[in-house]
Number of protein chains: 2
Amino acid sequence: MDHNLLLAGIAKYVNLDAEEQEYLISVLHYKKIKRKQLILEEGDINNKVTFVTSGCLRSYAVDKNGTEHVLQFAPAGWWITDMRSFTTGQPARLNIDAIEDSEYIYIPKANFEELNIRIPKFEHYNRVIGQNALATYQHRQIDNVTLSAMERYANFCQLYPSLIKTLPQKQVASYIGVTPEFLSKMLNTMIVK
Amino acid sequence: MDHNLLLAGIAKYVNLDAEEQEYLISVLHYKKIKRKQLILEEGDINNKVTFVTSGCLRSYAVDKNGTEHVLQFAPAGWWITDMRSFTTGQPARLNIDAIEDSEYIYIPKANFEELNIRIPKFEHYNRVIGQNALATYQHRQIDNVTLSAMERYANFCQLYPSLIKTLPQKQVASYIGVTPEFLSKMLNTMIVK
DNA sequence: TATTTCTCTTAATCTACATTAAGTTTTCAT
DNA sequence: ATGAAAACTTAATGTAGATTAAGAGAAATA
């Protein structure tokens, strides 16, 4: 089973020795899922962390009108979690599903905690990528109240050039916080200008 | 100088021994600031982490019209940082200032990194509070696209009951993402209903 | 390959919230 | 205490983006 992408991702931050790697690998679980299949449903407890090895997952919330709002896309090499549910044990507000046929690794919460305690380098890795994620969310929040829909779209294109090519437009619309109708109109009237 | 609030905050998560505490305390810096004084200005490098011991700080970004948008309030016991500037060394997008006369502790980045390496328990603490902050930002993002201004206001009241009493209304408006005029109208027409 | 199911487009209408402006009240610094 | 500066209110008008609807193109599954 393929955990090389995960090990490579960790190796960018810390050097695990052979024993540590072996222990890490021993707690990994491997899964394949089909397009549209859910791995977390609103109301469930998100008691694992998920690392995508191929394909693309996404997390999203559903509002009272039934409209989906994408929080995150996770292509290969990314983690995806409902962090509040994971840390507090509360029911998830997010759904996580596959945008295309995908493969992922997950680590159950108990193992994740033990890894952090027994391998300080692993905790270091998690502290640092956590800080990076926090930085991203802080600035996304600011972008959302500070920029127009067009500017947020331009931002997205710059930040995720590979995703723009593969994602259906309506998913992008949902991520940047507009309706698919408005994004379509925005992009097509822009060409004229 | 008063670092008891900081030690108490850390003690909720990990037990530092006397030597570790001493080392931590040795890298702390103490400051007092007046209302409206800036401790971080957009464009600066945010090369320290800041822990509030009294009063209240806030981080905010300014848009191209000059309007301020509050990202975070930090009353006593809270950390406040432009996390992207801190982790990457890029110029800050955020400003941080004092809403009222305040006192805070800061740790320079180099010391912060060394603390994390030399005291694994300190890194554990940071990993866990980082996860909590991440959880908060994930759900704030969802709230912002999912809820009306009124619902976001109700949310804020529930989440920060102490802040609601002390903060000027316009600061709350800026945090929930509406103009002060609209918040005023919303609250006053609501009473009638 | 057919057919069902998504996805994208266009256009008319609608609405939550912004903007502008001006007056009033509260707070702050001297 | 007193004047200046913030903070709050009210109201008229403006707008980015939502909603609704319906047709056309693309793609998934049988």
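Naming: A, B, ... by sequence-line order, numbering from 1 per chain.
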Between [Y] and [X], is the closest basic N to carboxylate O distance under 4.0 Å?
X       : Y       : answer
K34(B)  : D101(B) : yes
E100(B) : R35(B)  : no
E123(A) : K121(B) : no

Worksheet item: Which comes earlier along DNA chain D counting from the 5' end, the contact point of S148(A) or that of S184(B), where each point is its nearest nucleotide?
Response: S184(B)

Of all the nucleotides listed ([options]), which has the minimum atom distance to the side chain of [X]?
X       : options                  : result
K170(A) : dT7(C), dC17(C), dG17(D) : dT7(C)
E181(A) : dC17(C), dT20(D), dA7(D) : dT20(D)
R35(A)  : dG17(D), dA28(D), dC8(C) : dA28(D)
K36(A)  : dC6(C), dA18(D), dC8(C)  : dC6(C)

For [X] and [N], what is the distance between atoms [atom1] and [atom2] respectively, to the nearest whole Å?
X       : N       : atom1 : atom2 : result
I176(A) : dA16(D) : CD1   : C1'   : 13 Å
H69(A)  : dA18(D) : NE2   : P     : 10 Å
M150(B) : dA16(C) : CE    : C1'   : 14 Å
I99(A)  : dC6(C)  : CD1   : P     : 15 Å
F182(B) : dA11(D) : CZ    : P     : 15 Å
N65(B)  : dT20(C) : CG    : C1'   : 13 Å
M186(A) : dC8(C)  : CE    : P     : 14 Å
L147(A) : dA18(C) : CG    : C1'   : 17 Å

Indicate whether OP1 or OP2 belonging to [N] is found under 4.0 Å from a side-chain N or O atom of [X].
X       : N       : answer
Q169(B) : dT9(D)  : yes
K185(A) : dT10(C) : no
N188(A) : dC8(C)  : no
R152(A) : dG17(D) : yes
Q171(B) : dA7(D)  : no
T179(A) : dA18(D) : yes

Item to complete: Quick one: closest heavy-atom pair of L163(B) and C56(B), and the distance?
Response: CD2-SG, 4.2 Å

Worksheet item: Taking the six-membered ring of Y106(A), is NZ or CZ of K48(A) closer than 6.0 Å to its centre and within 45° of its axis?
Response: yes

Worksheet item: If you find the nucleotide of DNA chain C closest to V178(B) and the one closest to L183(A), which residue's nucleotide is nearer the 5' end?
Response: L183(A)

Fill in: Aromatic ring proximity, centroids under 6.0 angstrom, F86(A) and F112(A)
yes

Practice prompt. Could you check R118(B) against E19(B) for salt bridge (Lys or Arg N to Asp or Glu O under 4.0 Å), going step by step and ending with a plain yes or no?
Written response: CA-CA 11 Å; R118(B) 289 197 16 206; E19(B) 194 188 348; over 6 Å; no

Discussion item. Among Y60(A), Y153(A), F156(A), exactly one meets ring-ring contact (aromatic ring centres under 6.0 Å, His included) together with Y175(A). Which residue is that?
Written reply: F156(A)

Worksheet item: the helix from dT3(C)-dA28(D) to dT30(C)-dA1(D): angle between its terminal axes, five pairs each, to 10°?
Response: 70°

